[in-house]
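Beneath this line is the structure, given in structure tokens, with notes to follow.
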Amino acid sequence: MWKGKERATTPDSDSEFLDLNPIITYRHLQSHALGVKDPLRVIALCDSDAFYAGCEMVRLGVDPEQPLVVSQWDSIIAVNYPSRKFGITRMDKVKDAQKRCQNLMVVHVATYKEGDAEPGHWENPNTKTHKVSLDLYRRESSKVHNMFKESLPAGVELEKASIDECFIDFTRPVREELLRRYPHLAQAPPTGTDTPLPPPSTPIIWNANTNLVPINPKDDVTDNPGGPSASTRGDSELEEPPITWHDVALSIAADMMERARDQVRTKLGYSTSAGIGRNKFLAKLTASYRKPNSQSVLRNAAIPHYLRPLPFQKIRFLGGKLGNAVAKEYEVSTVGDLLAVSLDEFQKTFGEDSIWIWEIIRGIDRSEVKEKPPNTKSMAASKNLATPVTMPCEGPHWVRVMAAELTLRLNDARELSPNLWPRTISLSTRQGWSVTQRKQAPFPFVRNVTIDVVAAAGDKLWKELVGPLNSTKPLSTKITHVCLSLHGVEAGEVNQQGIESFLSKTPNSPSKRKRKVDSDNEVDETMPTSSHGESELKLDIDYFVCDRCKKQITLPKELMTASALDEDIRRDALGSLRAEHQDFHFAQDLSRMPSDDERPRRPNSESTIHPKKKRKHKGGGAEGEGIARFFTKR
DNA sequence: GTGGATGAG
DNA sequence: CGCTCATCCAC
């Protein structure tokens, strides 16, 4: 029901939009810590165009004009711009899309199946056996992010907002550039630092690849991109307001943004779109003014016209239930409509916190651009089961598929932060459409996270949640969804250098150092020698046989090659493999044990460690990633 | 610790 | 009821 009978402001004025032309003084220009109150604040949002599709195009080296979509089973999850011309959209079915575009290239997202060490791109993966992996996109995303870090000027704040977006706070480098370009601004006049700056005298030369969101409705060519621009048309009856220093600041940021986007485009092959404005919200909104491969600037003077017609449910966090509730409550759909609702009214209906709605529709956003830790705190691998699980014994299969993905991702993340450790692992299942159950447990304290370890932990949870791993007794309700996840993935507080310090701490070359090998890690010399005949080197310590499972564990090929050859290195690697294998048994013992049972003894005191405790390194030392991973990492 | 809600893309 | 993921909150 519409309650806004008393309008506080006239709908036709811009008076709802506060502070569009703030006074900027010499003091503002000199201050370094104004934060969100800085009248010269400049924020950008840059996102990759149809990112998943872009990744596949780069991977496959396809022509930029080739219509391409990324599929997931029968659905389309990403549509590149050439294929959008055919009216293909995100949730279309592959079959329908192909009907619309003969020439359409359809790439299925990478998938895993049980036993695969890595996800791969298969033409026709089976949803009954495979699980999709978004890994490629995460990796490419971090490449893009790193490229931005490299190519943006010093002093920016960079916040990764999602897999394909980042916010950039240009305020600092822009102010520095402003003072370089206009040195007279550095010196306050006799009237003091609170004197307003003289207006800019020279016209702005806007970056040639930058769009300006028009200030006057008559100049709007949004629906007619090929049409004449406001600046060339010259028939506007409305005057443009004078240039402000904030406009100049925006133009400097536009130059900086363009340079960085160009690097990403030329070095990595990803086209991006950016929006630049006075805060995060406006930057984000402006990024979609023109896409793809473009950037746009929203001057303060353009805010009212840009915001008023906007359907407010397009605003972040208003796209869901809250937005719906607001729309229903006031029977409105655009920002302009909503402006008539007073702050009091909002707060009466939607609570104190709804002040942010009141502010956001007026273009006010105090949120800061803040660098975030590169790693997410949780990692999940989940799948809807096209063929539901009907017996407990089917669990280990899916657990293993999920475990493979999580193991890969965790170890990946550890390349950057070697001390990352998950606090808990959890398994959740869903039966029917709403019932979900979840069990969690401490993540096992093993030195190397392998698929076996994660799967063993997952199996244990499955057993608690569903039933014995070997049971063929039909479940009362089929399981339609499985999700294995890690939580509280954070770096331990010590030993930040990880493997690097370990390697550099060794004063002598590894081959010359004298070390004692644990008797437990001694090689069983009575066993037959390896069959790796291709190496000409003596291979007397390249494997061991596990007492418990009688399995033969052999050094990987990387360590069999001449380049990696050093007896000590192989001995250490074998020791690590043995410890890792024992860790696995330990994890398995745990998983077989009734929950309230006594903990099993660890196979040896060195083979398992507490992630947060410092651990003395022993032995080892080598170069190259392929080898480093066989050594104790913490 | 568990279950649920919300939201993005 | 796409599917996959992340975060937050009540209890």
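Proteins get letters first, then strands, A, B, ... in listed order; numbering begins at 1 in each.
- Along DNA chain B, read 5' to 3', the first and last nucleotides having any atom under 4.0 Å from a heavy atom of chain A are B:dG1 to B:dG9.
- For A:His108, the ring pair (Phe, Tyr, Trp, His ring centres under 6.0 Å) partners are A:Trp73, not counting sequence neighbours.
- Judged as a side-chain hydrogen bond (donor to acceptor under 3.5 Å, both in side chains), and not counting sequence neighbours, the contacts of A:Asn324 are A:Gln313.
- With sequence neighbours excluded, the residues that form a side chain to side chain contact (heavy atoms under 4.5 Å, CB included) with A:Asp164 are A:Ser48, A:Phe51, A:Ser162.
- Residues forming a side-chain hydrogen bond (donor to acceptor under 3.5 Å, both in side chains) with A:Asn293 (at least two apart in sequence, or on another chain): A:Arg265.
- Checked against ring pair (Phe, Tyr, Trp, His ring centres under 6.0 Å), A:Tyr52 has the following partners two or more places apart in sequence or in another chain: A:Tyr137.
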- Query: For every nucleotide of nucleotides 1-11 of chain C, 5' to 3': is a protein heavy atom under 4.0 Å from its base (B), only from its sugar-phosphate (S), or from neither (-)?
  - Reply: BBSSSSS----
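- Nearest heavy atoms, A:Leu461 versus A:Ile425: CD1-O, 3.6 Å.
- Not a single ring pair (Phe, Tyr, Trp, His ring centres under 6.0 Å) links A:Trp358 to another residue, sequence neighbours left out.
- For A:Lys321, there are no salt bridge (Lys or Arg N to Asp or Glu O under 4.0 Å) partners at least two apart in sequence or on another chain.
- Heavy atoms of A:Lys284 sit under 4.0 angstrom from primed sugar atoms or phosphate atoms, though from no base atom.
- Within the 4.0 angstrom heavy-atom criterion, only backbone atoms of the sugar-phosphate kind lie near A:Phe317; the bases stay farther away.
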